[in-house]
Amino acid sequence: MKFHFKTDYDQDIRMFPDWWNFSLYAALLVLALCLPLLIDPFFLGEATNVLIWATAGLGLMLLTGQTGQVSLGHSAFMALGCYSCVLMMEANVPFLAAFLLAGVITGIVGALIAIPALKLHGVYLAIATLALAILADDIIVLLKEWTDGVNGKMSPPIDLFGYEISRWNNPVEWYYLTLAVVLMVTLFYRNLLRAPLGRAFAAVRDSEISAQAMGVNVAQTKTIAFGISCAITGLGGALMGLFAGAFNNETFNFLLSIQLLMMIVVGGLGFIHGAFLGAVVIAFLPQVLSMTTDLFGRGVAIPGLESGVFGVILILFILFEPMGLYGRWLKIRTFLELFPFARKDMFKRQKSYLKTERLR
């Protein structure tokens with residue numbers, strides 16, 4: 001068992017607590033870089049899909065897990081990021097510039113929408129953002145001159161420094177591109193948590209009244225969090241549309257927002273690891289259900305099976321493991337480290353809000 005005795009602030013905000021922790025993440029990075037050599041193209045495509053979901057999930061995790069603002073409208077911002085990127089690529093803007101500008105545009109639009117929306121709290125904010133996700137479907141159809149409406153658009157080939165990247169012709173390059181994006185977003189996320197702004201996010205999440213008493217501008221902090229969250233989610237949406245090859249208004253419907261929320265809850269709300277664990281569940285569960293129906297149901301499709309299973313999993317985690325998969329791993333690790341001195345009450349759920357904020 002290891003104890004970290006922190007004697008100054010630099011030790012508290014360092015990226016890795018010790019060399020052992022650093023070596024574990026370095027080994028994981030080496031494994032990710034070598035993954036194309038270890039698995040076949042089908043599973044490599046599934047791994048790419050996991051990384052895309054993780055990118056979008058990190059955006060929602062920043063808003064819901066770090067700032068405590070529930071959003072059911074992030075599918076709209078995924079659509080905005082995707083269409084912005086593709087439209088700029090069709091206008092002969094280089095992919096790298098179009099991709100980054102799509103994130104910036106999505107972040108700015110998200111911040112502008114957040115100014116009136118974040119005056120709401122709790123379930124009212126969730127309902128408002130859900131309305132935005134439903135409205136986005138109609139907006140895409142109405143703007144058919146740019147979005148091609150229900151017919152959808154075909155993703156243009158990615159030209160990166162003169163090298164064309166295609167999902168079907170060179171899936172390995174697609175995987176490395178997605179890996180580079182998710183690493184960039186993860187490092188940005190991790191460093192943001194170490195910055196004063198990240199501490200302000202956590203203060204607003206735990207208690208808005210206490211944060212305001214400590215000098216945090218709550219409205220400004222929420223708006224910045226919403227904007228950054230939408231920017232990251234927009235990058236995930238751009239990758240998702242380009243990876244799919246073709247997309248329309250149905251690709252980014254409001255059910256995608258439900259899946260994103262389920263992903264971060266199942267993975268572990270408030271943990272970077274939770275976005276990746278939840279992405280594995282979201283990406284591979286449809287494949288598992290498909291193989292199960294082929295094995296036991298003789299290939300008969302069951303309408304609504306995937307949504308029903310997603311809903312049951314979400315309810316079970318909320319009831320029995322609110323900290324998600326990563327939270328369960330933390331409990332197991334702590335139990336093993338403290339055995340035989342671990343006690344069940346050590347993991348009792350704590351209230352993180354004030355009595356005056358329970359009904360907000």
Side-chain angles (χ1 to χ4, degrees), residues 54-85 87-88 97-122 124-133 135-136 139 181-182 184-206 208 211-212 215-241 252 254 256-257 260-261 263-264 269-270 272 275:
T55 303
L58 285 170
L60 185 57
M61 183 72 79
L62 180 66
L63 182 66
T64 304
Q66 300 301 329
T67 319
Q69 309 301 307
V70 180
S71 172
L72 295 176
H74 266 47
S75 61
F77 299 109
M78 292 184 70
L80 178 59
C82 178
Y83 278 99
S84 299
C85 181
L87 287 173
M88 283 187 286
F99 181 70
L100 296 176
L101 283 174
V104 172
I105 293 171
T106 309
I108 293 174
V109 173
L112 293 176
I113 292 176
I115 294 174
L118 290 178
K119 294 182 182 297
L120 304 173
H121 299 272
Y124 303 105
L125 176 61
I127 293 173
T129 52
L130 178 61
L132 176 64
L135 185 63
I139 293 175
V181 172
V182 78
M184 176 188 68
V185 171
T186 304
L187 287 175
F188 171 77
Y189 192 124
R190 183 68 183 89
N191 281 283
L192 182 61
L193 297 184
R194 301 159 63 205
L197 182 59
R199 300 300 177 102
F201 289 166
V204 170
R205 174 195 62 196
D206 293 339
E208 291 185 17
Q212 193 171 11
V216 176
N217 188 327
V218 175
Q220 181 181 4
T221 302
K222 284 183 176 183
T223 303
I224 293 174
F226 207 94
I228 296 175
S229 171
C230 293
I232 296 174
T233 306
L235 296 180
L239 288 175
M240 185 173 290
F252 301 100
F254 74 95
L256 191 63
S257 295
L260 275 177
L261 183 62
M263 183 181 79
I264 62 174
L269 199 60
I272 293 178

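Computed over heavy atoms, backbone and side chain alike; hydrogens, waters and symmetry mates excluded.
- Between the CG atom of Leu132 and the OG atom of Ser75 there is a distance of 8.0 Å, given to the nearest 0.5 Å.
- Looking at His74 and Leu63, their side chains come closer than 4.5 Å, going by heavy atoms from C-beta outward.
- Here the CD-CD1 distance, from Gln66 to Ile272, works out to 7.5 Å after rounding to the nearest 0.5 Å.
- Note: Tyr124 OH to Thr129 OG1 = 14.5 Å, rounded to the nearest 0.5 Å.
- For the pair Leu125 and Ala117, the tightest heavy-atom approach, listed with the atom from each and the gap, is CD1-O, 3.4 Å.
- Gly57 approaches Ile264 most closely through the heavy-atom pair O-CG2, 3.7 Å.
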Check the pair Val204 / Gln69 against side chain to side chain contact (heavy atoms under 4.5 Å, CB included), numbers first and verdict last. CA-CA 9 Å; Val204 170; Gln69 309 301 307; 4.3 Å; yes

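- Contact detail for Leu239 and Val181: the closest heavy-atom pair is CD1-CG1, 3.8 Å.
- Between Gln212 atom CD and Asn217 atom CG the span is 8.5 Å, to the nearest 0.5 Å.
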Determine, stepwise, if the pair Val104 / Leu100 fulfils side chain to side chain contact (heavy atoms under 4.5 Å, CB included). CA-CA 6 Å; Val104 172; Leu100 296 176; 5.6 Å; no

Show, in sequence, the C-alpha distance, side-chain angles and deciding distance for Ser71 and Leu60, and conclude whether the side chain to side chain contact (heavy atoms under 4.5 Å, CB included) test is met. CA-CA 8 Å; Ser71 172; Leu60 185 57; 4.1 Å; yes

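- Counting heavy atoms from C-beta outward, Thr106 and Thr233 have side chains that stay 4.5 Å or more apart.
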Does the pair Met61 and Leu269 meet the rule for a side chain to side chain contact (heavy atoms under 4.5 Å, CB included), with working shown? CA-CA 7 Å; Met61 183 72 79; Leu269 199 60; 4.3 Å; yes

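- Here the side chain of Thr55 pairs no donor or acceptor atom with the backbone of Gly236 at under 3.5 angstrom.
- Note that CD of Gln220 is 10.5 Å distant from CD1 of Ile115, once rounded to the nearest 0.5 Å.
- In terms of heavy atoms, Ala238 sits closest to Cys85 at CB-CB, 3.9 Å.
- For the pair Gly241 and Cys82, the tightest heavy-atom approach, listed with the atom from each and the gap, is CA-SG, 3.5 Å.
- The closest donor-acceptor contact from the side chain of Thr67 to the backbone of Leu62 lies under 3.5 Å.
- Between Phe254 and Leu72 there is no side-chain heavy-atom pair separated by less than 4.5 Å.
- Rounding to the nearest 0.5 angstrom, the gap separating the CZ atom in Phe99 from the CG atom in Leu235 is 4.5 Å.
- When every heavy atom of Phe77 is checked against every heavy atom of Gly110, the shortest pair comes out as CE2-CA, 3.7 Å.
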